[in-house]
Amino acid sequence: MKLIAVDLDGTLLTSESKPSTEGLDAIRQAAAKGHTVTLCTGRASFDAKDLTGGLAIPIIGFNGAAVYDERGQLLRETPIAAAAALDAVRYLLEQQVYFEIFCPEAIYSLYGGERKLQAELDVLASANPAASRERLWKSAQIQFVQFGFQQIEDPLQLLKRGAPVYKLLVFTYDEAKLDRIRKHFGGQRHLHTTSSADHTVEIISTETDKGNALRFMAEHLGVPMADTVVIGDSYNDISMFRVAGTSIAMGNAVDEIKQLSTMVTRDNNHHGVAYALNHLLKL
């Protein structure tokens, strides 16, 4: 038996943020052959389940902050420490950026976030007339259609009620702000950052990453790390590429991922997950 961890955005999902039907079929076939396939994603677990039509497989969600079995039972969680989460949200409010708070039950965002991003896009488009406004706005719209997305008046009240925070996600077209936020959280004791898409930075606990979560799931299932397979495309996949027995980079993956990979498959718009699983497992 192998444990196969498949990323979502840029991997199983096409550029239209829809799952590859061939990829889903390959996952089902791999499971039918006795392998365990898990989604390993920065997305919330409930969003991942909705996107993939409720596949009854384990999920590593929130960039590894929560691990669930195939029945949806929580096996492990590594939320951001409460005090660190509160300080982080206060800082992000001061920065006047769009951000989301990922909790076990929902994804919360401050009212007015869409207008904030539209205003940033106006500035960016004015300074860069050749930039595709439609393409840039499409990258932001993905945030607003996540399953479990809710808008709230006061994020500080949410945290003061003791809600566990699995991760924070910042989206901004202002690269200077993005760099400043990365630097602010980069040297902190309890927090670190990663990213899975342009214009974003994700803030998670130092105990959290996909690689640690994959190790946990492999141990839970009794699968040696040599028998683990990972498929991904972006920076938040690096930790699992470093620990897996076999690492498969998507054709559209960033160079850092390709350099760590055992093999490179087709891109996400040409069913790279299905191609890789068919080649590896002879489905």
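In this view, Ala163 and Cys103, Leu158 satisfy the side chain to side chain contact (heavy atoms under 4.5 Å, CB included) rule, not counting sequence neighbours. For the salt bridge (charged side-chain N to carboxylate O under 4.0 Å, His left out) test, no residue two or more places apart in sequence or in another chain qualifies with Arg242. With sequence neighbours left out, the side-chain hydrogen bond (donor to acceptor under 3.5 Å, both in side chains) criterion links Lys167 to Glu202. By the salt bridge (charged side-chain N to carboxylate O under 4.0 Å, His left out) test, Asp87 is found to be paired with Arg90, residues two or more places apart in sequence or in another chain being considered. In terms of the side chain to side chain contact (heavy atoms under 4.5 Å, CB included) criterion, residue partners of Ala5 (sequence neighbours excluded) are, by chain and number, Thr38, Cys40, Leu214, Val230, Met240. For Phe185, the ring-ring contact (aromatic ring centres under 6.0 Å, His included) partners two or more places apart in sequence, or in a different chain, are Tyr91. Residues passing the salt bridge (charged side-chain N to carboxylate O under 4.0 Å, His left out) test with Asp50, sequence neighbours excluded: none.
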Exercise for the section: Might you work through the side-chain contact (heavy atoms from CB on, under 4.5 Å) test for Leu93 and Leu156, ending with a clear yes or no? Expected result: CA-CA 10 Å; Leu93 288 169; Leu156 293 177; 3.9 Å; yes

Exercise for the section: May I have the step-by-step check of side-chain contact (heavy atoms from CB on, under 4.5 Å) for Thr172 and Gln95, ending in yes or no? Expected result: CA-CA 11 Å; Thr172 177; Gln95 299 306 303; over 6 Å; no

Problem - Leu169 vs Phe99, side-chain contact (heavy atoms from CB on, under 4.5 Å): CA-CA, chis, key distance, verdict - result: CA-CA 5 Å; Leu169 180 141; Phe99 68 93; over 6 Å; no

Handout entry: Verdict with reasoning, Thr206 to Arg189, per side-chain contact (heavy atoms from CB on, under 4.5 Å)
Key = CA-CA 8 Å; Thr206 49; Arg189 180 182 175 188; over 6 Å; no

Exercise for the section: Please assess Glu114 against Tyr111 for the test side chain to side chain donor-acceptor pair (under 3.5 Å), listing each intermediate value before the final yes or no. Expected result: CA-CA 8 Å; Glu114 204 164 345; Tyr111 278 109; over 6 Å; no

Practice task
With ring pair (Phe, Tyr, Trp, His ring centres under 6.0 Å) as the test, would you mind laying out the steps for Phe144 and Tyr98 before giving the verdict?
Solution key: CA-CA 11 Å; Phe144 313 128; Tyr98 173 88; 5.7 Å; yes

Exercise for the section: Please step through side chain to side chain donor-acceptor pair (under 3.5 Å) for the pair Asn269 and Ser15, ending with a clear verdict. Expected result: CA-CA 7 Å; Asn269 288 325; Ser15 58; 3.2 Å; yes

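Heavy-atom contacts from other residues, nucleotides or ligands closer than 6.0 Å to CD of Glu22 number more than 12. Atom CD of Glu219 has 12 or fewer neighbouring heavy atoms from other residues, nucleotides or ligands inside a 6.0 Å radius.
Between Pro155 and Tyr108 there is no side-chain heavy-atom pair separated by less than 4.5 Å. In this structure, the side chains of Arg215 and His220 stay at 4.5 Å or more apart for every pair of heavy atoms. Put simply, the side chain of Asp9 reaches to within 4.5 Å of the side chain of Arg43, judged on heavy atoms. By the 4.5 Å heavy-atom criterion applied to side chains, Phe147 and Leu51 are not counted as neighbours.
Sorted by first then second residue, the ring pair (Phe, Tyr, Trp, His ring centres under 6.0 Å) pairs that include residues 1-29, not counting sequence neighbours, number zero. The list of ring pair (Phe, Tyr, Trp, His ring centres under 6.0 Å) pairs with a residue in residues 163-182, not counting sequence neighbours, reads Phe62-Tyr166, Phe171-Tyr173, Phe171-His199, Tyr173-His199. Residue pairs meeting the ring pair (Phe, Tyr, Trp, His ring centres under 6.0 Å) criterion with at least one member in residues 250-283, sequence neighbours excluded, do not occur. Within the structure, salt bridge (Lys or Arg N to Asp or Glu O under 4.0 Å) contacts touching residues 59-82 (residues at least two apart or in different chains) are Asp69-Arg71.
Taking CG of Asn212 as the reference point, atom CG of Asn63 lies at 12.0 Å (rounded to 0.5 Å). Here the straight-line distance linking atom CG of Leu117 with atom CG of Asp174 works out to 11.0 Å at 0.5 Å rounding. The CG atom of Asn268 lies 12.5 Å from the CD1 atom of Ile231; values are rounded to the nearest 0.5 Å. We find the CG-CD1 distance between Leu168 and Ile203 to be 5.0 Å, quoted to the nearest 0.5 Å. From Asp237, atom CG reaches atom CG of Leu260 across 10.5 Å, with rounding to the nearest 0.5 Å. Within the model, atoms CG of Leu92 and CD of Glu94 stand 9.0 Å from one another, a figure rounded to the nearest 0.5 Å.
Residue Ile238 comes nearest to Glu256 through the heavy atom pair CD1-CB, 4.2 Å, listed as atom of the first residue, atom of the second, then distance. Taking all atoms of both residues into account, the shortest heavy-atom contact from Thr228 to Ala218 is CG2-CB, 4.1 Å. Contact record, Ala197 with Ser234: N-OG, 4.4 Å, taken as the closest heavy-atom pair. In this structure, Pro58 and Val37 approach most closely via the heavy-atom pair CD-O, 3.4 Å. Listed here is the closest heavy atom pair of Phe241 and Ser247: CD2-CB, 3.5 Å. Nearest heavy atom pair, residue Gly64 against residue Thr78, reads O-OG1, 3.9 Å.
Checked by atom type and distance alone, the side chain of Thr208 never pairs as donor or acceptor with a backbone atom of Ile204 at under 3.5 Å. The backbone N or O of Ser205 sits less than 3.5 Å from a side-chain atom of His192, completing a donor-acceptor pair. Side chain of Gln157 to backbone of Asp154: no donor-acceptor contact under 3.5 angstrom is found. In this structure, the side chain of Thr265 engages the main chain of Gly272 through a donor-acceptor pair within 3.5 Å. Panel note: side chain Asn252, backbone Gly10; a donor-acceptor pair is recorded below 3.5 Å. Remark: the backbone N or O of Lys2 is paired with a side-chain donor or acceptor of His35 at under 3.5 angstrom. The backbone N or O of Gly211 lies less than 3.5 Å from a partner atom in the side chain of Ser239, making a donor-acceptor pair. When atom types are taken as modelled, the side chain of Asn278 and the backbone of Ala274 share a donor-acceptor pair closer than 3.5 angstrom.
Using modelled atom types and a 3.5 Å distance limit, the side chains of Ser195 and Thr200 yield a donor-acceptor pair. One side chain, Thr11 or Asp233, offers a donor N or O that lies under 3.5 Å from an acceptor on the other. Inspection of the Gln146 and Glu100 side chains reveals an N or O donor paired with an N or O acceptor under 3.5 Å.
The only member of Ile4, Val273, Leu280 that meets side chain to side chain contact (heavy atoms under 4.5 Å, CB included) when paired with Ile248 is Leu280.
Using a 4.0 Å cut-off between charged nitrogen and carboxylate oxygen, Lys258 and Asp255 do not count as a salt-bridge pair.
Val145 shares a hydrophobic cluster with no other residue; no ILVMFWY side chain has heavy atoms under 4.5 Å from its own.
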